[in-house]
Structure formats: C-alpha cells, structure tokens
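Report on one structure; see the data block that follows.
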Amino acid sequence: PESLQCTSTGLVPVDPADLQPTPENVPERRRTRRRQDVGPISNSKVEKFNSCQHGFWLEYLQGYAWGKSDSLSRGIFLHAILEHVGKKALGRRPTRDEMADAVRAAHQEPEIAEWLASPAAAEAIPKVLIAVSGMDLDFSSVREIEKFFRGNIRVEGKSFVLSGKMDVLRRLEPTVAGIDDYKVSDQIWSEEGHRKQGMLYAYMVFPLWPEVEKVKVRFIFPIPGKDLPFEATRKQAEAEVTQWASGYVREVEERRGED
C-alpha cells in the first residue's frame, strides 16, 4: 500500500507525499538516473519487487540508482574470491595456497578495494573469510565459473529479456546439469525465493544444453550440511518461470499505469 514503507524492521506508516523521490528523501549520492524499464527480468529485480515495492518503484520505475548495501558488498567480495579460485582450480579441489591467492586477488579489484576502505568492511571481512572456509569447494565437473546469461520469455504476447549470473555451472551427466549458488549468509531467507532463483537458472540451462533433461541446483551456505538442493525438469522450469514472470510483469505494468 502507498501508506507503508519498507524498513529493516518491517512495514511502517509514512506520509504518501514522502514516497515521491525528492532531494529530501533521496540522498544526493544516490540520485543517479537509470533506464526506466520492466525488463530485463532478473532474480534480484523480482526479489526487490516482492520485498519492497516502494524501493522497487524508486529504483527501477523512477530511475534512481541506490548505493550498495554492506550485505551486497560482502556478496561481491565472496564471489570474487570464488571466481578467482575456481578458474585456478577448474576440474579439481583448490589448494590452500590457491585460496590465499584468490583472496589477495579479490582485494585488488577496484570495486572491492573501495568497499574495503569503509568502516563496515573491518567487521565484514572475517565473516566472508569464515564463509569461504566453511564451504566444500570442489570444481570437478565444472564447465563455467560466474556464468552470465541472457534469454527471452514471452508474457502475454510480449517478449521480455531474462538475465542473471550462475556461480558454478556443472555437467554432472550427459543429460543432467548442475548449478551451485554460494551464499555469504548462514541463513536461508526464503525457500520460495531460492526456488524462484534456481528455477530461473534452470530455465536458462536448457537452451544452452538442449540435450539436458534435468538440472540440479544447490544453494551452498557457509555451514557444512546446510545446502538447499532441488531439481527441475525442462517442463517444470518453463511452467514456474512463466508463471511468476507473468505475475511480475502484470503487477509492474499496473503500477506503472497508476504512476
């Protein structure tokens, strides 16, 4: 509803006038114009829409770019480490020295180096390193590391772009693919949300490898034994992604019409 605002503690009443992006409620460093568009459809965009429509409206429909949160910065740091070590140890398990080299390489990336200079990084870095050390990293059968993808889906007669990034893409068997997604937090925030993300990834694998009949997805948390796995057939992925993408597009376009 227009009279509610998303906060870290939930929804609180606000003045509807405050929902407009003005210099008073949008910090100067964040008032950067971005393209206004429903697509491309990504997991992060749909997650934002479902969790906080006020924030989604400001960022994606009104075109205001938000600064990176500390949690997002931790995730970028974690994935940079995994990308560096994965490319070094493709096809096997990484050595301790390769892990150390990957951490040093990640520190040198400009986007991460800027965050490392912030006060929040001092507390976050140990958490990221603990998360990495707690993961069972095995790059056997891996075909791609940090794989970007773009595809298309038709919703009510219109074509929309799908986009995302898979952490690890495996070929487990001739007709079975595997996707690993690494999480910096030890909390499963939403099994439904993870399933939507996994189904989106599975949906994109089938055109990439037409002979694949099943995709196994694992969300890997920094606690041994806390993986969240599920499987998807081509038919399941197509049905679920089309369903939630259709609902997302309809709601967003209705909201745009109201604005």
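Since we're looking at a predicted model, the values are computed, not measured. Quick note: numbers below take in every heavy atom, side chains included, and nothing from hydrogens, waters or symmetry partners. Counting begins at 1 with the first residue of the sequence.
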- Message: Taking the six-membered ring of F230 as reference, does the cationic atom of R195 (NZ for Lys, CZ for Arg) lie under 6.0 Å from its centre and within 45° of its axis?
- Response: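 R195 over F230 ring: yes.
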- Message: Among residues at least two apart in sequence or on other chains, which ones pass ring pair (Phe, Tyr, Trp, His ring centres under 6.0 Å) with Y182?
- Response: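 Residues passing ring pair (Phe, Tyr, Trp, His ring centres under 6.0 Å) with Y182: none at all.
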- Task: Say whether Y201 and V176 are linked into one hydrophobic cluster, either directly or through other cluster members, by side-chain heavy-atom distances under 4.5 angstrom.
- Result: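 No, Y201 and V176 fall in different hydrophobic clusters.
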Under 4.5 Å between any side-chain heavy atoms of [X] and [Y], yes or no?
X	Y	result
F206	V215	yes
M166	F149	yes
K147	K165	no
E144	V168	no

- Message: If you count heavy atoms of other groups shown closer than 6.0 angstrom to NZ of K158, is the number above 12?
- Response: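 Atom NZ in K158 is not crowded, with 12 or fewer foreign heavy atoms closer than 6.0 Å.
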- Neighbour count >12 (heavy atoms, 6.0 Å) for atom NZ, K214: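 Open.
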- Item | side-chain contact (heavy atoms from CB on, under 4.5 Å) between I41 and V249, intermediate numbers included | CA-CA 9 Å; I41 302 173; V249 168; 3.8 Å; yes
- Task: Evaluate the criterion side-chain contact (heavy atoms from CB on, under 4.5 Å) for residue pair I81 and L129; output intermediate values, then yes/no.
- Result: CA-CA 9 Å; I81 294 172; L129 298 181; 4.3 Å; yes
- Query: Who pairs with S246 by side chain to side chain donor-acceptor pair (under 3.5 Å), at least two apart in sequence or on another chain?
  - Reply: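 Side chain to side chain donor-acceptor pair (under 3.5 Å) list for S246, sorted by chain: empty.
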Shortest non-hydrogen separation from [X] to [Y] and the atoms involved:
X	Y	result
A80	I112	CB-CD1, 3.4 Å
S141	L172	OG-CD2, 3.9 Å
F139	L82	CZ-O, 4.3 Å
S159	N152	OG-OD1, 3.7 Å
P174	V212	O-CG2, 4.4 Å
F77	A106	CE1-CB, 3.8 Å

- Query: Counting distance only, does the side-chain N/O of Q236 pair as donor-acceptor with the main-chain N or O of T233 below 3.5 Å?
  - Reply: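 Indeed, once roles are kept as given, a pair shorter than 3.5 Å links the two residues.
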- Mark yes or no for whether Y203, through its side chain, and T242, through its backbone, hold a donor-acceptor pair below 3.5 Å.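 No: the side chain of Y203 does not pair with the backbone of T242.
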Show the atom names and distances, to 0.1 Å, of all donor-acceptor pairs under 3.5 Å that link a side chain in residues 93-100 to residues at least two apart or in another chain.
{"unit_1": "R93", "atom_1": "NH1", "unit_2": "D136", "atom_2": "OD1", "d": "2.6"}
{"unit_1": "R93", "atom_1": "NH1", "unit_2": "L137", "atom_2": "O", "d": "3.3"}
{"unit_1": "R93", "atom_1": "NH2", "unit_2": "D136", "atom_2": "OD1", "d": "3.4"}
{"unit_1": "T95", "atom_1": "OG1", "unit_2": "E98", "atom_2": "N", "d": "3.1"}
{"unit_1": "T95", "atom_1": "OG1", "unit_2": "E98", "atom_2": "OE1", "d": "3.4"}
{"unit_1": "E98", "atom_1": "OE1", "unit_2": "R92", "atom_2": "NH1", "d": "3.1"}
{"unit_1": "E98", "atom_1": "OE1", "unit_2": "T95", "atom_2": "N", "d": "2.9"}
{"unit_1": "E98", "atom_1": "OE2", "unit_2": "R92", "atom_2": "NH2", "d": "2.6"}

- Stepwise, does the side-chain contact (heavy atoms from CB on, under 4.5 Å) test hold for V205 with L169? CA-CA 9 Å; V205 168; L169 178 59; 3.9 Å; yes
- Query: Between Q108 and H84, does any side-chain donor sit less than 3.5 Å from a side-chain acceptor?
  - Reply: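 No, no side-chain donor-acceptor contact under 3.5 Å.
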Any salt bridge linking [X] with [Y]? Criterion: basic side-chain nitrogen under 4.0 Å from a carboxylate oxygen.
X	Y	result
R171	E211	yes
R234	E213	no
D180	R170	yes
K183	D181	yes

- Message: One pair to check against side-chain contact (heavy atoms from CB on, under 4.5 Å): W209 and T175. What are the steps and the verdict?
- Response: CA-CA 9 Å; W209 290 334; T175 60; over 6 Å; no
